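Here's the structure, in structure tokens; my notes come after.
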There are 2 protein chains.
Amino acid sequence: MRLGLKEDEAGKKTSMQSTTCEVLTIWEVLGKRWALLILKNLSTKEAIRFNELKKVLSGISSTVLSERLFELEGEGLVSKKIYTQIPPKVEYSLTTRAKELEVILKDLGKWASRWKYLEGTKTMAAATAGKKNI
Amino acid sequence: MRLGLKEDEAGKKTSMQSTTCEVLTIWEVLGKRWALLILKNLSTKEAIRFNELKKVLSGISSTVLSERLFELEGEGLVSKKIYTQIPPKVEYSLTTRAKELEVILKDLGKWASRWKYLEGTKTMAAATAGKKNI
DNA sequence: CGGTATCCTAGCTGATACTG
DNA sequence: CAGTATCAGCTAGGATACCG
């Protein structure tokens, strides 16, 4: 199973980092592509279904979405409600834990936008150099 | 140049996401491996030299360290002080912006550890399933 | 509908070797 | 010392096809 393997890696990577900072463990999950978007979209709707989510996150594949959702659930950020029926129906929603995270993320967002327009300084040199491949 | 290409990607990736959330742009940089560690180590020392940093982050290669440092500089999180001399000497340090980020990161860390030991609930099922490959 | 299994590619990463 | 160029391995991510 693919997920199993991933966790193993994560374990390997964090093994030498987790001692340094708790944040890194979370980062292993949140830092991954789509993770944040998923959380964000989940926060707008109360509950959302798989394909609905997939539609919103245009570009993501079922594989990855499923994977991220699984990881997020493992971290206790997302809860899954399964309706055993045909056709299947599964609803995802944020947990209390994730709600708390939202606040922090919002702070991060504020921080990000606060500095976004102040790049006219010396740091701009590097930024520009990077954007337009020298 | 390798760095140039990376920025292009970042631009491409965020193009459809940045409108959704400012955080994502930062995440493109912070989410990358080593980025957080670098920031963390920079915060302990006032200023640090390239190889010194490389030594602390045992496992990282010059290539990646240089790359990350460049990206972080582009985001205005790290400042570089070059001493034109032989042998070369370059010191890296955190910018004011990064100092602010630290606070947020610390909150994130608190959040992370606060929940770390409460995984004995239903969320544990998924967590366990993930950790030990079913 | 909601996933999982499989294959395949792109890009991140790290080791090595080489400049200023 | 502080990188950069180059090469090679590995893995995440996407597309497809197929079950419950």
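The shown structure was predicted, so the numbers you read here are calculated from the model rather than taken from an experiment. Because only heavy atoms are used, hydrogens play no part in the values below, and waters and symmetry mates are left out as well, while side chains stay in. Throughout, protein chains are lettered first and strands after them, A, B, ... in sequence-line order, and every chain is numbered starting at 1.
- When atom types are taken as modelled, the side chain of Ser79(B) and the backbone of Thr95(B) share no donor-acceptor pair closer than 3.5 angstrom.
- Contacts classified as side-chain hydrogen bond (donor to acceptor under 3.5 Å, both in side chains) and involving residues 44-53 of chain A (residues at least two apart or in different chains) are not found.
- Figure legend: cation-pi geometry between Arg33(B) and Trp27(A) absent, as NZ or CZ is not positioned both under 6.0 Å from the six-membered ring centre and within 45° of its axis.
- Checking dC1(C), dG13(D), dC1(D) against the side-chain heavy atoms of Asn51(A) singles out dC1(C) as nearest.
- In this model, the phosphate group of dG3(C) is approached by a side-chain N or O of Lys80(A) to a distance below 4.0 Å at OP1 or OP2.
- Of all nucleotides listed (dG3(D), dG20(D), dG20(C)), dG3(D) comes nearest to the side chain of Val90(B).
- Distance, Glu52(A) CD to dG2(C) P: 9 Å, rounded to whole Å.
- As a whole-Å value, the separation of Glu67(B) CD from dG14(C) P is 10 Å.
- At whole-Å resolution of the value, CZ in Arg68(A) and P in dT11(D) are 15 Å apart.
- If you take CG of Leu57(B) and P of dG3(D), they are 14 Å apart, rounded to a whole angstrom.
- Comparing dG13(D), dA2(D), dG3(C) by their closest approach to the side chain of Phe50(B) singles out dA2(D).
- Nearest to the side chain of Ile60(B), among dG2(C), dT6(C), dG14(C), sits dG14(C).
- Relative to the side chain of Ser66(A), the nucleotides dA15(C), dT4(C), dG20(C) differ in distance, and dT4(C) lies closest.
- Side-chain proximity of Arg33(A) to the nucleotides dG14(D), dG14(C), dC1(C) is greatest for dG14(D).
- Nucleotide dC1(D) holds its C1' atom 13 Å from the CD atom of Glu91(B), rounded to whole Å.
- Rounded to an integer number of Å, the gap from NZ of Lys81(A) to P of dG2(C) is 15 Å.
- Comparing Lys54(A) and Pro87(A) against DNA chain D, the residue whose closest nucleotide sits nearer the 5' end is Lys54(A).
- Distances from the side chain of Ser61(B) to the nucleotides dA15(C), dA2(D), dC1(C) place dA15(C) closest.
- Contacts of Tyr92(A) with the nucleic acid, taken as non-hydrogen atoms under 4.0 Å apart, involve only primed sugar atoms and P, OP1 or OP2.
- To the nearest 0.5 Å, the span separating CG on Leu101(A) from OG1 on Thr96(A) amounts to 12.5 Å.
- The phosphate of dC1(C) (OP1 or OP2) has no side-chain N or O of Arg49(A) nearer than 4.0 angstrom.
- Regarding Trp34(A), its CH2 atom lies at a distance of 6 Å from the P atom of dG14(D), rounded to whole Å.
- Between Ile38(A) atom CD1 and dG3(C) atom P the separation is 12 Å, expressed in whole Å.
- Listed by chain and residue number, Lys80(B), Ile82(B), Tyr92(B) satisfy the side-chain contact (heavy atoms from CB on, under 4.5 Å) test with Val90(B) (two or more places apart in sequence, or in another chain).
- At a cut-off of 3.5 angstrom, the base of dA15(C) holds no donor-acceptor pair with the side chain of Ser62(B).
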